Undergrad: 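Mind looking over this structure? Questions follow.
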Amino acid sequence: MRYKTVHLIYFSPTHTSAKIAYAIAEGMATVMMSESNVTFDAPAAEEDIDDELTIVAAPVYGGRVAETAVERFRMFRSMHHAPVVPVVLYGNRDYEDALRELCDLMTEQGFLPVAAGAFVGEHSFSRKDMPVAEGRPDERDIAVAVDFGRRIIDKLEQVSCIECLPALHVKGNYPYREKSPSTPMAPVTDSALCTRCGYCVDVCPTRAITPTDEGMYSDPALCIKCCACVKECPEGARTFDTPFTAMLHKNFSARREPECFL
């Protein structure tokens with residue numbers, strides 16, 4: 001089967017998921033590409049996808065797909081089993097059940113997973129003095145993603161119908177890993193560095209940040225700890241201090257490679 005259009009759906013607060021999704025699409029070399037960036041909002045109405053090869057990408061938080069991404073991905077359906085490539089980005093520790101979860105979610109939404117991948121992106125908690133997968137995805141990761149896209153197209157062109165493909169099997173367990181209760185925490189602002197430009201407000205995917213008389217305030221109840229505001233602040237005025245960073249730096253600094261399932 002041949003596909004002229006690839007549709008990208010991604011939740012990507014720190015841009016790593018989007019980078020890999022675009023690299024996979026590049027390898028597919030289709031005629032047209034469309035995108036649904038749900039990082040900041042879900043679609044206003046449910047969208048049906050039928051004739052497009054779709055890539056769905058999201059970060060892993062605590063071994064599971066980011067909950068905000070799951071909520072927004074549920075707005076997409078396929079009535080005729082459109083082929084989908086679920087992709088997760090994790091911070092070099094482990095993606096655990098996240099890829100299985102994303103495959104299952106897209107199946108529930110009517111899609112048919114034909115390939116899937118787990119790639120590494122710089123951890124949200126990574127800091128200059130304690131880096132965790134710093135700078136990833138890097139050129140090597142992008143090359144793997146592009147080649148993955150080529151191999152997916154080759155696979156699809158060898159069959160006459162999507163239903164002819166064998167069931168896709170990926171790593172992960174069901175029931176999924178139970179997530180630990182989230183501790184209400186959020187990045188803080190150094191008022192001496194903050195210029196109140198409001199850029200942190202713009203990049204927050206859950207609208208957790210509001211200007212106050214004391215500075216830019218992040219609501220711990222809304223913050224998902226993606227640290228987009230920390231990484232994107234032009235003045236370096238945002239920080240998120242957690243002892244988890246030191247543990248990650250100590251135990252998970254060795255490079256891990258992407259895993260692709262076809």
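Everything numeric in this text was worked out from a predicted model, so none of it was measured. The first residue in the sequence is number 1, and the count goes up from there.
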Undergrad: Without swapping roles, check the side chain of Arg196 against the backbone of Thr212 for a donor-acceptor pair under 3.5 Å.
TA: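 Flag set: sc Arg196 to bb Thr212 pair under 3.5 Å.
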Undergrad: Which pair of non-hydrogen atoms, one from Leu89 and one from Gly121, has the smallest distance, and what is that distance?
TA: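 Reported closest heavy-atom pair: CD1-N, 3.9 Å.
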Undergrad: Ignoring hydrogens and geometry, is there a side-chain-to-backbone donor-acceptor pair from Thr189 to Ser191 under 3.5 Å?
TA: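 No; zero donor-acceptor contacts below 3.5 Å.
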Undergrad: Not counting sequence neighbours, which residues clear ring pair (Phe, Tyr, Trp, His ring centres under 6.0 Å) with Phe148? List them please.
TA: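 Partners of Phe148 by the ring pair (Phe, Tyr, Trp, His ring centres under 6.0 Å) criterion come out as none, since no residue qualifies.
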Undergrad: Just checking Glu67: does its CD atom have more than 12 heavy atoms from other residues, nucleotides or ligands closer to it than 6.0 angstrom?
TA: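 Atom CD in Glu67 is not crowded, with 12 or fewer foreign heavy atoms closer than 6.0 Å.
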Undergrad: Does either side chain, that of Tyr10 or that of Glu35, offer a donor lying less than 3.5 Å from an acceptor on the other one?
TA: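 Result is yes, a qualifying pair exists.
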Undergrad: Does Asp94 come within less than 4.0 Å of Lys171, counting only side-chain N to carboxylate O?
TA: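 Salt bridge between Asp94 and Lys171, a charged N being under 4.0 Å from a carboxylate O: no.
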Undergrad: Would you confirm whether Ser12, through its side chain, and Ser17, through its main-chain N or O, come within 3.5 Å as a donor-acceptor pair?
TA: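 Yes, because the side chain of Ser12 sits within donor-acceptor range (under 3.5 Å) of the backbone of Ser17.
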Undergrad: What residues form a salt bridge (charged side-chain N to carboxylate O under 4.0 Å, His left out) with Glu178, not counting sequence neighbours?
TA: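 Not a single residue meets the salt bridge (charged side-chain N to carboxylate O under 4.0 Å, His left out) criterion with Glu178.
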Undergrad: For Leu222, does its backbone N or O pair with a side-chain atom of Thr206 as donor and acceptor, under 3.5 Å?
TA: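 Checking the backbone N and O of Leu222 against the side chain of Thr206, a donor-acceptor pair under 3.5 Å is found.
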Undergrad: Go through the structure and list residues passing side-chain contact (heavy atoms from CB on, under 4.5 Å) with Thr245, not counting sequence neighbours.
TA: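 Expected list: Phe125, Arg127, Met130, Thr242.
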Undergrad: Would you find more than 12 non-hydrogen atoms of other residues, nucleotides or ligands less than 6.0 Å from Asp190 atom CG?
TA: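 Yes, the 6.0 Å shell around CG holds more than 12 heavy atoms from other groups.
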Undergrad: Can you check whether Phe111's main-chain N or O pairs, donor with acceptor, with His81's side chain at less than 3.5 Å?
TA: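 Judged by distance alone, no pair lies under 3.5 Å.
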Undergrad: Pick from Glu232, Lys231, Glu122: which one makes a side-chain hydrogen bond (donor to acceptor under 3.5 Å, both in side chains) with His15?
TA: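 Looking at Glu232, Lys231, Glu122, the match for His15 under the side-chain hydrogen bond (donor to acceptor under 3.5 Å, both in side chains) is Glu232.
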Undergrad: Which is it for Arg140 and Glu257 under the salt bridge (Lys or Arg N to Asp or Glu O under 4.0 Å) test, yes or no, and what are the steps along the way?
TA: CA-CA 9 Å; Arg140 202 157 100 193; Glu257 298 298 338; 2.3 Å; yes
Undergrad: Check Asp104 with Arg100, please: is the shortest side-chain N to carboxylate O separation under 4.0 Å?
TA: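 Salt bridge flag = yes for Asp104 with Arg100.
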Undergrad: Has Glu139 got more than 12 heavy atoms of other residues, nucleotides or ligands less than 6.0 Å from its CD?
TA: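 No, because the 6.0 Å sphere around CD of Glu139 holds 12 heavy atoms or fewer from other groups.
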Undergrad: Enter the distance from Leu168:CG to Leu99:CG here, rounded to the nearest 0.5 Å.
TA: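 One finds 8.0 Å between CG of Leu168 and CG of Leu99.
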Undergrad: Please report the interatomic distance CG(Asp147) to CD(Glu26), rounded to the nearest 0.5 Å.
TA: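 Taking CG in Asp147 and CD in Glu26, the distance rounds to 11.5 Å.
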Undergrad: How long is the span from the CE atom in Met185 to the CZ atom in Phe240, to the nearest 0.5 Å?
TA: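 Rounded to the nearest 0.5 Å, the CE-CZ separation comes to 4.0 Å.
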Undergrad: Under 3.5 Å, is there a donor-acceptor pair between the side chain of Asp50 and the main chain of Ala82?
TA: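 Side chain of Asp50 to backbone of Ala82: no pair is present.
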Undergrad: Within the structure provided, determine whether Arg151 and Cys260 are in side-chain contact (heavy-atom separation under 4.5 Å).
TA: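 Touching, per the 4.5 Å side-chain cut-off.
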Undergrad: Under 4.0 Å between a Lys/Arg side-chain N and an Asp/Glu carboxylate O for Asp97 and Lys179?
TA: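 So Asp97 does not pair with Lys179 through a salt bridge.
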Undergrad: Heavy-atom distance under 4.5 Å between the side chains of Val201 and Thr210, does that happen here?
TA: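 In short, these two side chains do not touch, never coming nearer than 4.5 Å.
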Undergrad: If you group Ile, Leu, Val, Met, Phe, Trp and Tyr by side-chain heavy-atom gaps below 4.5 Å, do Val85 and Val146 land in one group?
TA: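 Cluster IDs for Val85 and Val146 match.
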Undergrad: Donor-acceptor check, side chain of Arg256 to backbone of Arg93, threshold 3.5 angstrom: yes or no?
TA: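 Side chain of Arg256 to backbone of Arg93: a pair is present.
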Undergrad: At what distance, to the nearest 0.5 angstrom, does CZ of Phe119 lie from CD1 of Ile20?
TA: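 Interatomic distance, Phe119 CZ to Ile20 CD1, rounded to 0.5 Å: 5.0 Å.
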Undergrad: If we ignore hydrogens and angles and just use 3.5 Å, is the side chain of Asn92 paired with the main-chain N or O of Val132 as donor and acceptor?
TA: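 Not at all, since once roles are kept as given, no pair shorter than 3.5 Å links the two residues.
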Undergrad: Would the distance check show the side chain of Arg177 and the main-chain N or O of Arg64 forming a donor-acceptor pair, the cut-off being under 3.5 Å?
TA: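 The answer is no, because no donor-acceptor pair under 3.5 Å joins these two groups.
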Undergrad: Between CG of Asp202 and CD1 of Ile209, what distance do you get to the nearest 0.5 Å?
TA: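 Taking CG in Asp202 and CD1 in Ile209, the distance rounds to 9.5 Å.
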Undergrad: Is there a donor-acceptor pair closer than 3.5 Å between any side-chain N or O of Glu157 and the backbone N or O of Arg2?
TA: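 Absent.
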Undergrad: Working to the nearest 0.5 angstrom, can you tell me the gap between Arg136 CZ and Arg255 CZ?
TA: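 The distance works out to 3.5 Å.
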